[in-house]
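See structure below.
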Amino acid sequence: MSSTNCKKPLWALVDCNNFYASCEKLFRPDLAARPVVVLSNNDGCIVSRSAEAKALGIPMGAPEFKIRPLLRELGVEVFSSNYALYGDISTRILAILERHCPLVEPYSIDEAFLRLDAPLRANLPEFSRALRDIILRWTGISVSIGLAETRTLAKVANYVAKSRAAYGGVFSLARPEAEIDAVLARTPVGEVWGVGRRQVKRLHAEGVCTALDLKRAGDLWLRKRLTVAGWRTALELRGLPCIGEDNTPVPRKALMSSRSFAHKVRKREMLAQALSCFAARAGARLRRESLVAGGMAVHIRTSRHESARFYDQTLQVRFPEPTADSHALIHAALQGLERIYRPGFGYAKAGVMLFDLEDRERLQARLLAAEDPARQRRRERLMDSLDAINRRFGRDAVTFGAQGLGEAPWHMRREHCSPRLTTDWKELPLARC
DNA sequence: TCTGGGGTCCTAGGACCC
DNA sequence: TCTGGGGTCCTAGGACCC
């Protein structure tokens, strides 16, 4: 690593291999060498595949119902997604990373960037391999680590680390530019972070096929064809950090809660129940993050995949004053529904989005004069008790009447769900010895 | 029958103001 | 009656990420 300038920051991208599928294998040693896939919400399509499933040619993103015969024929184990489990494992891995590196940027449920300064820079390969071993030993999850001077290059390095077993799950692009370029020349442009499927086609038509082509494209062309976003990506490939550099955490701007339904929903009352439920969940998240919302967008739609007439409608409701009160949110959702509901359609999905979020404390200071403070405090205390009960006894232990009770057609399909092995006492695995 | 959810960022275009 | 240019704000739509 003597070739790299130690003054420049160095980034490591730690990425869990086949994360959801790996989590499902953790407590099922019988599945260790078996092909496993995990489905999206509502058992929609494949979002994670174990190495064995990939080797069998199971395609990523395929709708489950279309390849069900193939899955059965190949003996693939199928799981619904179990976010309670994945979220918990993710938290454990993050804790390990934070123990070993002072600057960790969580990026997604299965990825984090680490900024490596001296003295971690001194023994980069050793540090990376040790980190990988510890995570594997302490959690059972195998990760890949890519190292480079920008986050985009670290992503490329990670892609390379995953590509060949010989690299042992670690690959560094902190090396002379000619060597970086040799790697970029072998990297398809579609693998570059920030280049999506839509752009790949256009880029190919213009002769930009590899990451190296993108790096070497002209600035004017990049800005014109790919907007500043694409230009920044190219700069990052040139070793110039410019993505995610302003390290101030960005406050959240919006919050969504929506779901596809297990079965088509025709009745207004059922949609009302579903939307009430989404509004209540969104409210709980608002309160957990000490936020209030200025308005809500209510959304319902039929399926895009049918020849029948497509109906897709969104309505925005602005609150009289910003709130995190579930009563008010449910009321707004139902009001919105009244305006956009049309009978005669089989609805496939609904949801609410809360926008104009702001800090609860800041609002309170402003509002103190405006509203009857006693009434406001009463309402807040009610929500606090509700949240406390649900924290203690599980989500939906106490709900609003508008949310309905029991099984409903709008609940999501989860036919292959594993137990919440690490987050629920009742579902803890038993070991006999 | 059955094809996810939750977000961010960027641009273009219109309205409005000076 | 003539009628430019620049700035800001908002919204819709598209693209991307995992």
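The chains referred to below are lettered A, B, ... by the order of the sequence lines, with proteins before strands, and numbering in each begins at 1.
- A stem is defined here as three or more consecutive Watson-Crick or G-U pairs, each with both distances under 3.5 Å; for DNA chain C these stems are B:5-18 with C:5-18.
- Across the protein-nucleic acid pair, A/Arg318 atom CZ and C/dC10 atom C1' stand 11 Å apart, rounded to whole Å.
- Among the protein residues, A/Ala62 comes within range of no part of the nucleic acid, since none of its heavy atoms lies under 4.0 Å from any strand.
- Here A/Arg259 lies in heavy-atom contact (under 4.0 Å) with sugar-phosphate atoms only.
- Following rounding to the nearest Å, A/His299 (NE2) and B/dG6 (P) show an atom-to-atom distance of 12 Å.
- Among the atoms of the strands shown, none is found under 4.0 Å from any heavy atom of A/Leu39.
- Counting non-hydrogen atoms under 4.0 angstrom, A/Arg285 reaches the backbone sugars and phosphates but no base.
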Side-chain polar contacts of residues 97-104 of chain A - donor-acceptor pairs under 3.5 angstrom, sequence neighbours left out - could you list them?
from	atom 1	to	atom 2	distance (Å)
A/His100	ND1	A/Ile96	O	2.9

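- Of the candidates C/dC18, B/dC10, B/dG7, the closest approach to any side-chain atom of A/Ala229 belongs to B/dC10.
- Among residues at least two apart or in separate chains, there is no ring pair (Phe, Tyr, Trp, His ring centres under 6.0 Å) pair with a member in residues 132-160 of chain A.
- With rounding to whole Å, A/Phe355 atom CZ is found 10 Å from C/dA12 atom P.
- B/dT8 atom C1' lies 9 Å from atom OH of A/Tyr107, rounded to whole Å.
- Here the separation of B/dT3 from C/dC18, taken at their P atoms, is 24 Å to the nearest Å.
- In this structure, A/Lys215 does not pair ionically with A/Asp213, as no charged nitrogen and carboxylate oxygen lie closer than 4.0 Å.
- Residue A/Phe65 is the one, among A/Val228 and A/Phe65, whose nearest nucleotide of DNA chain B lies closer to the 5' end (criterion: closest heavy atom).
- When rounded to the nearest whole Å, the span between CZ of A/Arg151 and P of C/dC16 equals 21 Å.
- Each of A/Ser257 and A/Thr227 was matched to the nucleotide of DNA chain B holding its nearest heavy atom; the match closer to the 5' end belongs to A/Ser257.
- Here A/Glu64 pairs with A/Leu39, A/Arg68, A/Leu71 under the side chain to side chain contact (heavy atoms under 4.5 Å, CB included) rule; sequence neighbours left out.
- As rounded to whole Å, 11 Å separates atom C1' of B/dT3 from atom CD1 of A/Ile46.
- A/Arg34 is linked by a salt bridge (Lys or Arg N to Asp or Glu O under 4.0 Å) to A/Glu77, counting only residues two or more places apart in sequence or in another chain.
- Distance CD (A/Glu289) to P (B/dG6): 13 Å, rounded to an integer number of Å.
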Under 3.5 Å, N/O pairs linking protein and nucleotides 13-15 of chain C:
from	atom 1	to	atom 2	distance (Å)
C/dA15	OP2	A/Arg198	NH2	3.0

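- Of the residues in residues 260-279 of chain A, A/Ser260, A/Lys264 come within less than 4.0 Å of DNA chain B through at least one heavy atom, sorted by number.
- Using a 4.0 Å heavy-atom criterion, one finds that A/Val192 contacts the sugar-phosphate atoms exclusively.
- The salt bridge (Lys or Arg N to Asp or Glu O under 4.0 Å) test applied to A/Arg198 returns no partner, not counting sequence neighbours.
- Among pairs with a residue in residues 270-288 of chain A, those fulfilling salt bridge (charged side-chain N to carboxylate O under 4.0 Å, His left out) read A/Arg287-A/Asp387, at least two apart in sequence or across chains.
- Taking 4.0 Å as the cut-off between side-chain N and carboxylate O, A/Arg223 and A/Asp219 do not count as a salt-bridged pair.
- In this structure, A/Asp110 reaches the sugar-phosphate backbone alone: every heavy-atom distance under 4.0 Å involves primed, P, OP1 or OP2 atoms, never a base.
- Within the 4.0 angstrom heavy-atom criterion, only backbone atoms of the sugar-phosphate kind lie near A/Lys155; the bases stay farther away.
- Closest to the A/Lys253 side chain, of the nucleotides B/dG7, B/dC10, B/dC9, is B/dC9.
- In this structure A/Asp110 satisfies the side chain to side chain contact (heavy atoms under 4.5 Å, CB included) test together with A/Asp15, A/Cys16, A/Phe19, A/Ser108, sequence neighbours excluded.
- Using a 4.0 Å cut-off between a side-chain N of Lys or Arg and a carboxylate O of Asp or Glu, A/Glu289 and A/Arg360 do not qualify as a salt bridge.
- Under the rule for a salt bridge (Lys or Arg N to Asp or Glu O under 4.0 Å), A/Lys349 has no partner lying at least two apart in sequence or in another chain.
- When distances run from any side-chain atom of A/Arg68 to the nucleotides B/dG6, B/dG4, B/dT1, the shortest one goes to B/dT1.
- Using the six-membered ring where Trp is involved, A/Phe400 and A/His327 have ring planes that are perpendicular, over 60° apart on the 30 and 60° scheme.
- Applying the salt bridge (Lys or Arg N to Asp or Glu O under 4.0 Å) criterion to A/Asp356, with sequence neighbours excluded, gives A/Arg318.
- In this structure, A/Met412 places its CE atom 13 Å from P of B/dG4, rounding to the nearest Å.
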